[in-house]
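Presented below is the structure to which this report refers.
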2 protein chains.
Amino acid sequence: MTSQRRAAASPTISDVARVAGVSKATVSHAYSGKRTISTATKERVFAAARDLHWVPSSSARALATHRANAVGIVLARQPEILASDTFFPAFIAGVESVLAEQEIALVLQVVANRTAEERAYRAMEHGRADGVIVLDLHRDDWRVELLTTLRLPAVLLGAYPHRTRFSCVRTDDASPVLELIAHLRRQGHRRIAHVAGPLDYVHSRARAQAYLAGSGTPELLREGDFSAGSGRRATAELLALPKRPTAILYANDTMAIAGYSYARAQGLAIPDDLAVAGFDDDHLSEHLSPALTSVATAPRRRGEVAARRLLADIAGEEPRSITVDCNQLVLRESTDAPARTTV
Amino acid sequence: MTSQRRAAASPTISDVARVAGVSKATVSHAYSGKRTISTATKERVFAAARDLHWVPSSSARALATHRANAVGIVLARQPEILASDTFFPAFIAGVESVLAEQEIALVLQVVANRTAEERAYRAMEHGRADGVIVLDLHRDDWRVELLTTLRLPAVLLGAYPHRTRFSCVRTDDASPVLELIAHLRRQGHRRIAHVAGPLDYVHSRARAQAYLAGSGTPELLREGDFSAGSGRRATAELLALPKRPTAILYANDTMAIAGYSYARAQGLAIPDDLAVAGFDDDHLSEHLSPALTSVATAPRRRGEVAARRLLADIAGEEPRSITVDCNQLVLRESTDAPARTTV
DNA sequence: CTGAAAGCGCTAACAC
DNA sequence: GTGTTAGCGCTTTCAG
């Protein structure tokens with residue numbers, strides 16, 4: 001009876017030990033390599049494990065080692081925004097490509113409010129994950145403070161503007177914006193507008209500030225929310241201006257495409273009447289006509305870097321910031337015409 | 001000394017019990033509600049927990065209850081394809097919106113090969129997750145067999161063509177395709193092409209078969225891989241045909257957009273020279289000009305349904321299949337012109 | 001080179 | 001209504 005239930009249940013390390021004729025400790029060490037085990041016994045252990053299809057219980061292991069073998073990402077985004085974001089899946093793909101090598105899992109938790117978010121981080125600390133990656137960094141991000149009180153390694157994606165003991169994965173968002181503005185000015189553009197993302201995000205703000213530094217026309221700055229709808233609305237506003245812009249830079253491609261479609265529907269030719277550029281270089285952007293000038297940001301590579309950095313932090317290395325040189329201006333047809341002198 | 005180390009370490013249920021002046025069992029039950037606890041002691045327990053910032057250790061709980069409080073998704077996709085997929089993030093968002101309510105986490109694991117995939121599923125079974133959602137279902141999917149041998153609830157996304165004891169979340173992909181073809185025929189189209197997704201996926205095949213049933217021109221069927229590049233290639237092939245199609249249906253919007261941009265670059269007007277339709281209704285598609293006819297597939301809602309179904313299975317309910325009535329043809333400008341009689 | 005045994009932090013009988 | 005105690009399946013001293 002008992003043996004029948006044993007057979008039905010998942011095999012445990014004890015089963016493997018019994019079949020291999022060794023102790024549990026030996027089985028454990030055969031896998032971890034923390035002790036030298038004779039090749040003969042190793043063989044027997046592995047054979048037994050294979051026969052039984054044994055896989056160590058991750059919860060038992062987590063409890064014993066205080067390591068979850070998982071890293072976490074807590075997302076406070078609205079599901080609608082998550083659903084239309086092109087950065088996120090690529091970033092995840094990069095993270096996973098690093099984690100997969102070491103069979104570390106990624107634990108994702110989407111939360112609706114701050115209370116839940118705080119609980120989620122605490123849960124991560126308490127057995128769910130060994131470290132977290134923090135996205136959508138704000139200028140004064142309460143999560144950074146919370147994490148400081150937890151003993152949980154973290155990597156911040158973006159340049160946190162204050163002192164922090166966490167590793168940051170930074171990018172230079174200003175240069176490509178400045179480069180783009182220079183390109184447009186060379187083509188005669190003088191009224192260049194910018195549709196930014198939410199300005200409390202550090203990366204949106206960095207782009208907006210580069211825009212202001214480069215073109216200095218604050219009256220042509222609009223704040224969107226990365227959605228197509230907001231891109232369209234901002235574009236409508238800008239084009240309705242008495243002296244409309246001759247070029248618009250958007251903080252992402254979604255807004256740019258929505259914007260340029262709106263402009264075309266209004267009878268403007270792209271790029272002849274209006275030059276347009278995005279940011280992020282969505283996979284579609286090069287396939288549009290006219291193809292969209294954008295800034296490739298290598299989200300996947302940033303995911304890899306962030307994951308590798310986090311694993312290093314978890315392993316006990318000193319946190320440090322890394323600047324990923326990933327942003328690259330990609331000039332395409334949508335900015336490829338001299339500005340018309342009369343608008 | 002000991003007390004100092006205690007203070008530094010994460011608080012455990014014992015700490016809470018001690019501070020509240022009760023037993024561990026009482027703390028446990030105060031949270032689980034599996035026992036009636038007097039309001040007075042409950043208060044004290046919660047107060048102590050709050051003071052200590054105690055959060056139950058998920059690994060300890062998992063070990064004791066044999067429940068991970070997590071559900072898993074194992075992805076065998078190439079990171080590149082993951083990165084450019086619009087279905088996935090929306091689906092995840094739907095899944096999470098259901099899981100979040102119950103503070104259940106989502107464990108994601110991307111794997112490179114079949115061995116790793118099998119290990120991943122076994123790891124899910126052994127403490128990582130209480131159940132899994134299976135995506136990208138193939139016609140003869142070995143994973144279904146594997147899962148049958150594991151004691152792991154699973155929900156299959158798509159109509160598995162064989163007998164199975166797992167819940168399926170199905171959709172009717174044929175109707176919108178037939179509807180679309182009818183619409184095109186009404187406008188005079190006779191040479192209607194289809195750029196399918198990989199035909200070993202059940203959903204790609206369903207769409208392709210509906211196409212064949214509705215238009216019956218197998219020589220105008222091409223197999224893509226959902227990427228923009230493959231959409232472009234297939235389009236180039238089709239347009240180079242002696243008698244080129246006057247309309248092309250694509251199995252997703254990415255291929256459709258890449259395709260119609262290519263066609264335009266060749267001097268064809270959309271929809272006047274070539275009608276084009278996609279599938280999935282990406283958030284951008286309505287903002288393109290011409291706006292792209294597509295089929296909205298409500299990936300988020302399917303995520304919700306799949307998650308809810310999985311939770312029910314995990315709770316011990318009998319698995320069952322659900323057909324989500326989510327596909328909806330959205331006619332837009334890209335199919336809004338009578339076919340020209342001469343091509 | 002290998003075993004025995006003591007936990008990891010929680011839950012769930014079983015007592016009272 | 002509450003406390004005691006025995007595990008859950010691993011890892012890791014401590015012995016040998």
Side-chain angles (χ1 to χ4, degrees), chain A residues 2 5-6 8-45 48-49 52-70 103 122-123 125-128 130 151, chain B residues 2 5-6 8-45 48-49 52-69 122-123 125-128 130 151:
Chain A
T2 299
R5 294 192 35 201
R6 271 219 144 298
S10 278
T12 75
I13 196 173
S14 305
D15 297 323
V16 177
R18 192 168 25 73
V19 170
V22 297
S23 71
K24 295 192 299 176
T26 301
V27 176
S28 177
H29 287 124
Y31 278 87
S32 70
K34 294 200 173 180
R35 194 190 250 187
T36 35
I37 305 279
S38 75
T39 3
T41 41
K42 241 187 207 164
E43 293 283 293
R44 270 185 301 139
V45 168
L52 296 172
H53 289 304
W54 176 71
V55 174
S57 152
S58 50
S59 46
R61 175 177 283 182
L63 182 57
T65 57
H66 300 281
R67 290 279 259 96
N69 285 305
E103 306 209 16
R122 290 192 193 280
E125 184 199 13
H126 287 260
R128 267 223 199 291
D130 304 317
R151 265 165 316 290
Chain B
T2 302
R5 294 195 31 205
R6 269 220 145 298
S10 279
T12 75
I13 197 172
S14 305
D15 298 322
V16 177
R18 191 165 28 70
V19 169
V22 297
S23 72
K24 295 193 300 177
T26 301
V27 176
S28 177
H29 287 124
Y31 277 87
S32 70
K34 295 201 174 181
R35 194 189 251 189
T36 37
I37 306 278
S38 75
T39 4
T41 43
K42 239 185 207 166
E43 293 284 292
R44 272 185 302 142
V45 168
L52 297 171
H53 290 303
W54 177 69
V55 173
S57 153
S58 50
S59 45
R61 176 177 282 183
L63 183 55
T65 57
H66 298 282
R67 291 277 259 99
N69 284 304
R122 289 191 191 280
E125 184 200 11
H126 287 258
R128 266 222 201 291
D130 305 316
R151 265 165 314 292

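Convention: sequence-line order gives letters A, B, ...; per-chain numbering from 1.
Ranking D:dC8, D:dG1, D:dT12 by closeness to the B:H66 side chain, first place goes to D:dC8. Each of D:dT4, C:dC10, D:dT11 was ranked by its minimum atom distance to the side chain of B:T12; first place goes to C:dC10. In the set D:dT2, C:dT2, C:dC10, C:dC10 carries the atom at the smallest distance from any side-chain atom of B:A64. Side-chain proximity of A:K24 to the nucleotides C:dC1, C:dA6, D:dT4 is greatest for C:dA6. Which of C:dT2, D:dG3, D:dT11 sits closest to the side chain of A:T65 comes down to D:dT11.
Residues that satisfy the side-chain contact (heavy atoms from CB on, under 4.5 Å) test with A:A64, not counting sequence neighbours, are absent from this structure.
A:I13 has its CD1 atom 8 Å from the C1' atom of D:dG9, to the nearest Å. Going from atom CZ of A:R67 over to atom C1' of C:dG9 covers 18 Å, rounded to whole Å. Remark: C1' of D:dC8 and CZ of A:R61 are 16 Å apart, rounded to the nearest angstrom. Distance NZ (A:K34) to P (D:dT13): 8 Å, rounded to an integer number of Å. One atom, CG of B:D15, and another, P of C:dC8, lie 11 Å apart when rounded to the nearest Å. Residue A:Y31 contributes atom OH, which lies 11 Å from atom P of D:dT11 at whole-angstrom precision. Atom CG in A:L52 sits about 14 Å away from atom P in D:dG9, given to the nearest Å. Nucleotide D:dG1 holds its P atom 9 Å from the NZ atom of B:K42, rounded to whole Å.
Nearest heavy atoms, B:K42 versus B:I37: N-CG2, 4.0 Å. Taking each heavy atom of A:S28 and A:I13 in turn, the nearest pair found is N-CD1, 4.0 Å. When every heavy atom of B:S59 is checked against every heavy atom of A:A62, the shortest pair comes out as CB-CB, 3.5 Å.
Side-chain N or O atoms of B:D130 include one that pairs as donor or acceptor with a backbone N or O of B:A68 at under 3.5 Å. Side-chain atoms of A:S58 come within 3.5 Å of backbone atoms of B:R128 as a donor-acceptor pair (strictly under, hydrogens ignored).
Side-chain atoms of B:V22 and B:R44, non-hydrogen and from C-beta on, do get closer than 4.5 Å to each other.
Residue contacts for B:S59: at a heavy-atom cut-off of 4.0 Å it reaches no nucleic acid atom on any strand shown.
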Give each protein N/O atom lying under 3.5 Å from an N/O atom of nucleotides 14-16 of chain D, with the pair distance.
unit_1, atom_1, unit_2, atom_2, d
D:dC14, N4, A:R35, NH2, 3.3

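Side-chain nitrogen and oxygen atoms of A:S28 include none within less than 4.0 Å of the OP1 or OP2 phosphate oxygen of D:dC10. For A:T26, no side-chain nitrogen or oxygen approaches OP1 or OP2 of C:dC1 to under 4.0 Å.
When the nearest nucleotides of DNA chain C are assigned to B:H29 and B:A60 by heavy-atom distance, the more 5′-ward of the two goes with B:A60. Between A:V22 and B:L63, the one whose closest nucleotide on DNA chain C sits nearer the 5' end is A:V22.
Between A:H126 atom NE2 and B:H53 atom NE2 the span is 10.0 Å, to the nearest 0.5 Å.
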